[in-house]
Number of protein chains: 2
Amino acid sequence: MTRPRGRPHRNRAPASRERILDAALELLDTGGIEGFTMRALADRLQVNPMTIYHHFGDRDGLVDALSEHVYAEVSAPASGAFLERMRSLLQAYHERVLAHPGLTLLIFSQPAVFPRQAQRITDEIKLLLAEAGLPSAMSRLWLNILVDFTHGAAIASAMGDRSSSATRDAKEDYDKTLSVLLKGLNT
Amino acid sequence: MTRPRGRPHRNRAPASRERILDAALELLDTGGIEGFTMRALADRLQVNPMTIYHHFGDRDGLVDALSEHVYAEVSAPASGAFLERMRSLLQAYHERVLAHPGLTLLIFSQPAVFPRQAQRITDEIKLLLAEAGLPSAMSRLWLNILVDFTHGAAIASAMGDRSSSATRDAKEDYDKTLSVLLKGLNT
DNA sequence: ACCTGAACACCGTTCAAGT
DNA sequence: ACCTGAACACCGTTCAAGT
């Protein structure tokens with residue numbers, strides 16, 4: 001190691017939360033869940049493995065921070081027809097999943113991590129269903145349908161092809177499938 | 001280690017495929033995906049870790065064998081109304097998922113493993129949809145819906161509560177939700 | 001054919017020590 | 001406050017050796 005032992009002088013900090021998160025996403029998108037280790041990430045950052053622990057606590061903390069970072073802007077438009085707002089929300093979430101499929105697998109395979117963003121998005125779906133005036137029993141079942149379908153589609157995209165053309169097809173396929181599903185909500 | 005070094009005399013074989021698979025499921029159901037390691041499994045079997053490799057090749061091979069073992073008998077009844085056959089198939093699969101939730105996470109988090117049983121069940125759904133006379137474009141979209149919903153429900157059950165009362169509720173909840181979903185297929 | 005033992009190249013993480 | 005180095009208790013797996 002060429003780096004001196006102490007704290008680097010200001011404007012030279014080799015690791016910030018931002019830089020670590022970006023590098024982590026790159027590593028995950030490139031090498032998949034398999035190659036995503038604390039030590040590999042440290043190597044990529046040219047930093048001691050323990051530096052990451054200083055910023056995120058532990059591996060679960062890092063995964064949690066990643067999902068906060070990736071899903072933060074997913075939300076339904078404030079106005080519009082109920083069905084279109086729901087469609088926008090689910091498509092926005094799916095777009096983020098397609099952008100970083102490995103993160104989905106990482107979250108699902110790390111039982112200790114249940115990202116707040118996942119809960120927030122679920123709550124938003126629930127709220128939309130309530131606003132649409134569905135009876136509460138029906139609303140609960142449709143919440144299951146939409147959440148489970150979304151997670152299943154996430155898994156499918158995470159296990160599938162990763163070429164950009166396949167990703168485009170995946171988006172189109174998802175949109176069409178979602179339309180069919182949402183027809184059931186309309187009747 | 002008290003066990004002698006060579007091959008044990010017959011009727012004393014400490015490990016058979018069957019015995020290893022049963023112990024593996026017990027370990028997985030008890031300790032979850034976290035504690036499921038080759039070495040922990042070997043300990044539980046009172047056997048050298050390498051014994052498992054002799055029977056299953058490697059960890060992926062073991063997970064593959066587990067899914068063959070658990071999902072082998074999932075299939076649609078040979079006769080009956082289309083919708084009831086579909087419902088039976090999906091319920092049968094979901095029942096196996098509820099019985100061993102950890103296995104679902106294990107499969108999804110191990111990209112190298114794509115169980116033949118998963119493909120077989122998917123093919124059966126596809127066949128049922130074709131027999132029902134759906135146009136092929138529609139059939140493809142409904143395949144997405146049913147498969148993704150099923151996988152999403154599997155994830156949900158794997159991440160949720162594991163008490164037997166929660167499991168019973170989960171079954172009831174799934175059955176009701178599935179009914180709502182299948183109504184869309186009927187129209 | 002089936003099992004063991006030792007060893008290798010990894011992990012995540014703790015703890016002490018630097019500036 | 002932020003970073004490093006060494007060490008610990010694990011992993012999955014290979015290879016050689018036993019019967």
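Chain letters run A, B, ... following the sequence lines, proteins first and then strands; every chain starts at 1.
Side-chain N or O atoms of B/S139 include none that pairs as donor or acceptor with a backbone N or O of B/P135 at under 3.5 Å. Not one N or O on the side chain of B/T30 forms a donor-acceptor pair closer than 3.5 Å with the backbone of B/L27. Remark: side-chain polar atoms of A/E124 are paired, donor with acceptor, to backbone N or O of A/A76 under 3.5 angstrom.
Between D/dG12, C/dT4, D/dC2, one nucleotide has an atom nearer to the side chain of B/M50 than all others, and that is C/dT4. Ranking D/dT4, C/dG12, D/dC11 by closeness to the A/T51 side chain, first place goes to D/dT4. Proximity note for A/V47 (side chain, C-beta onward) versus D/dT4, D/dT13, C/dT13: the nearest is D/dT4. The side chain of B/R39 sits closest to D/dG12 out of D/dG12, D/dG5, D/dC3. The side chain of A/N48 lies closest to D/dT4 when the candidates are C/dG5, C/dG12, D/dT4. Taking the side chain of B/Y53 as heavy atoms from C-beta on, and the options D/dC3, D/dT13, D/dT4, the nearest nucleotide is D/dT13. The side chain of B/T37 has D/dC11 as its nearest neighbour among D/dC2, D/dC11, D/dA6.
Nucleotide D/dT4 holds its P atom 12 Å from the CG atom of A/D43, rounded to whole Å. We find that CZ of A/R17 is positioned 13 Å from P of D/dC3, with the value rounded to whole Å. Atom P of nucleotide C/dT4 and atom CE of B/M38 are separated by 14 Å, given to the nearest angstrom. Rounded to an integer number of Å, the gap from CG of B/L41 to P of D/dC10 is 17 Å. Atom CD in A/Q46 sits roughly 21 Å away from atom P in D/dC2 (whole-Å rounding). The nearest whole Å value for the distance from the CZ atom in A/R59 to the C1' atom in C/dT13 is 12 Å. Rounded to an integer number of Å, the gap from NE2 of A/H54 to P of C/dC15 is 16 Å. Per the geometry, CD1 belonging to B/I52 stands 16 Å off P belonging to C/dC2, to the nearest Å.
A salt bridge is defined here as a Lys NZ or Arg NE, NH1 or NH2 lying under 4.0 Å from an Asp or Glu carboxylate O, and A/R39 with A/D43 fails to meet this definition.
You'll find the side chain of A/E131 reaches within 4.5 Å of the side chain of A/R85, heavy atoms only.
Under the Watson-Crick or G-U wobble criterion, with both distances below 3.5 Å, D/dC2 is paired with C/dG18. Remark: C/dC11 base-pairs with no nucleotide in the shown strands. Criterion, Watson-Crick or G-U wobble with two distances under 3.5 Å.
Position along DNA chain C of the nearest nucleotide to A/G57 versus A/G35 favours A/G35 as the more 5'-ward residue.
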